[in-house]
Amino acid sequence: MKEAKFYKVENNYVICKLCPHNCKIDINKTGICGFRKNIDNKLYTLNYGILSAINIDPIEKKPLYHFYPNTKILSIGNYGCNLKCKFCQNWSISQRNIENTEINDYIEPIDIIKTAIKNNSIGIAFTYNEPTIWYEYMLDIAKLAKENRLKTVMVTNGYINKEPLIELIKYIDAFSVDLKSYSNDFFIKLTSSTMQPVLESIELINEYKKHLEIDYLVITNENDNEIEFEKLVKYISKKLNKEIVLHINRYYPNYLLKNLMTPEKTMISLYNIAKQYLDYVYIGNINLDIGKNTYCNRCKTLLIERNYYNIDIKNLNKNGECENCGNKVIEVGNND
């Protein structure tokens, strides 16, 4: 347990300012996430240093396709989430709260750094559940990672307030953001949140010129409308950058939403729409002949060939540039 950052006291409750829910929390109660508690009008995080999972993963699993490809990264997860997605793929850890969680042994931030170094990892990925919920732990680890020349990755739903994101962003090298829909009604109905704060987070990450890749999980009859999807890819192209990577992922029925597995034809159709506006579009959770390899957006030279997590780098120099035309495509380099 550790005093939380980003809250204020009013009367007999505290207001958590970490995420856009801005929960008003009475004494001895927790906020929506279930892990930030008002104790004597101080807000405490209850999951500092507690892990649900720790693994060495391929960087592509985050998914990040244009950030240090074919490397390994130490991935850690905690418990809880600030969204209530009915389709959550990691619900067994994300939809827990302090009351139904068995607390494991405490792990110091420096021990995470030591584990990454010992395993020749390029750095630390904050993933599996929503890292915003364990903000203080993530921030402390990320600061140490920078001191030790390790890379940092945040896999997030983007539902975080501007002030904490600005403090954190200095210490995060790459973001994988899950943009769940381009419809606010979808966010309200299926996640118990709203869309605009996520868009604002994405725009801020892009403004700070951090490496950014966006994930879109396609759910039949919920966010697979082609007109709406076209608006989303236009937004990425015009508001952000047409070179930002978009991952279109197939949905498998999970948790509370038992919609059918996304049809192959839907995945192909949305891929073709996205390719009209974006340079780099990939298809995930399904093995197709399209949407898995990386080609130079300028000269169309094959740069990376993928077979699941088997990576074959071709025609790409050590600076991440296409050997044929010199175009910078991939973020690589020394671990500095």
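Here, residue 1 is the first one in the sequence, and each next residue gets the next number.
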### Query
Side chains of D57 and S75: do they bring a donor and an acceptor to under 3.5 Å?
yes

### Query
Who are the ring-ring contact (aromatic ring centres under 6.0 Å, His included) partners of Y48, not counting sequence neighbours?
Y137

### Query
In the single-linkage hydrophobic clustering (I, L, V, M, F, W, Y; side-chain heavy atoms under 4.5 Å), do I54 and W134 co-cluster?
yes

### Message
Can you pull out every salt bridge (Lys or Arg N to Asp or Glu O under 4.0 Å) where at least one residue sits in residues 285-312? Sequence neighbours excluded, please.
### Response
E305-K314, D312-K314

### Task
Output, in order, the C-alpha distance, side-chain angles, deciding distance and verdict of ring-ring contact (aromatic ring centres under 6.0 Å, His included) for Y255 and F87.
CA-CA 6 Å; Y255 195 37; F87 50 88; 9.3 Å; no

Identify all side-chain donor-acceptor contacts of residues 183-195 below 3.5 Å with residues at least two apart in sequence or on another chain.
| from | atom 1 | to | atom 2 | distance (Å) |
| --- | --- | --- | --- | --- |
| S183 | OG | D185 | N | 3.3 |
| S183 | OG | F186 | N | 3.3 |
| N184 | OD1 | M195 | N | 2.9 |
| K189 | NZ | E222 | OE1 | 3.3 |
| T191 | OG1 | F187 | O | 2.5 |
| T191 | OG1 | S193 | N | 3.3 |
| T191 | OG1 | S193 | OG | 2.6 |

### Message
Among residues at least two apart in sequence or on other chains, which ones pass side chain to side chain donor-acceptor pair (under 3.5 Å) with Y65?
### Response
none

### Message
Assess, by modelled atom type and distance only, whether the side chains of Y251 and D224 contain a donor and an acceptor separated by less than 3.5 Å.
### Response
no

### Query
Listed by chain and number, what are the salt bridge (Lys or Arg N to Asp or Glu O under 4.0 Å) partners of E60, not counting sequence neighbours?
none

Could you list the donor-acceptor pairs under 3.5 angstrom formed by side chains in residues 240-249, with sequence neighbours left out?
| from | atom 1 | to | atom 2 | distance (Å) |
| --- | --- | --- | --- | --- |
| N241 | OD1 | E243 | N | 2.8 |
| K242 | NZ | D279 | OD1 | 3.3 |
| K242 | NZ | D279 | OD2 | 2.9 |
| E243 | OE2 | N297 | ND2 | 3.3 |
| H247 | NE2 | E213 | OE1 | 2.7 |

### Task
Would you please name every residue forming a ring-ring contact (aromatic ring centres under 6.0 Å, His included) with Y280, sequence neighbours left out?
H66

### Query
Linking Ile, Leu, Val, Met, Phe, Trp and Tyr through side-chain heavy atoms less than 4.5 Å apart, which residues share a cluster with Y13?
I15

### Task
Group every Ile, Leu, Val, Met, Phe, Trp and Tyr by side-chain heavy-atom contacts under 4.5 Å, then state whether Y295 and V233 land in the same group.
no

### Task
Would you check if there is a donor-acceptor pair between the side chains of N78 and N47 at a distance under 3.5 Å?
yes

### Side-chain cluster (under 4.5 Å, hydrophobic types only) that L43 belongs to, other residues
Y7, V9, V14, I25

### Query
Do you reckon I56 sits in the same ILVMFWY cluster as L150, going by side-chain contacts under 4.5 Å, direct or chained?
yes

### Message
According to side chain to side chain donor-acceptor pair (under 3.5 Å), who are the partners of D111, at least two apart in sequence or on a separate chain?
### Response
none

### Task
Name all pairs fulfilling the side-chain hydrogen bond (donor to acceptor under 3.5 Å, both in side chains) condition that reach into residues 15-30, sequence neighbours left out, sorted by first residue then second.
N22-N161

Let me check something: any side-chain donor-acceptor pairs from residues 152-159 under 3.5 Å, sequence neighbours excluded? List them with distances.
| from | atom 1 | to | atom 2 | distance (Å) |
| --- | --- | --- | --- | --- |
| T152 | OG1 | Y171 | O | 2.5 |
| T152 | OG1 | D173 | N | 3.1 |
| T152 | OG1 | D173 | OD2 | 3.3 |
| T156 | OG1 | E130 | OE1 | 3.3 |
| T156 | OG1 | E130 | OE2 | 2.9 |
| T156 | OG1 | G158 | N | 2.9 |
| N157 | OD1 | Y159 | N | 2.8 |
| N157 | ND2 | N82 | OD1 | 3.1 |
| N157 | ND2 | E130 | OE1 | 3.2 |

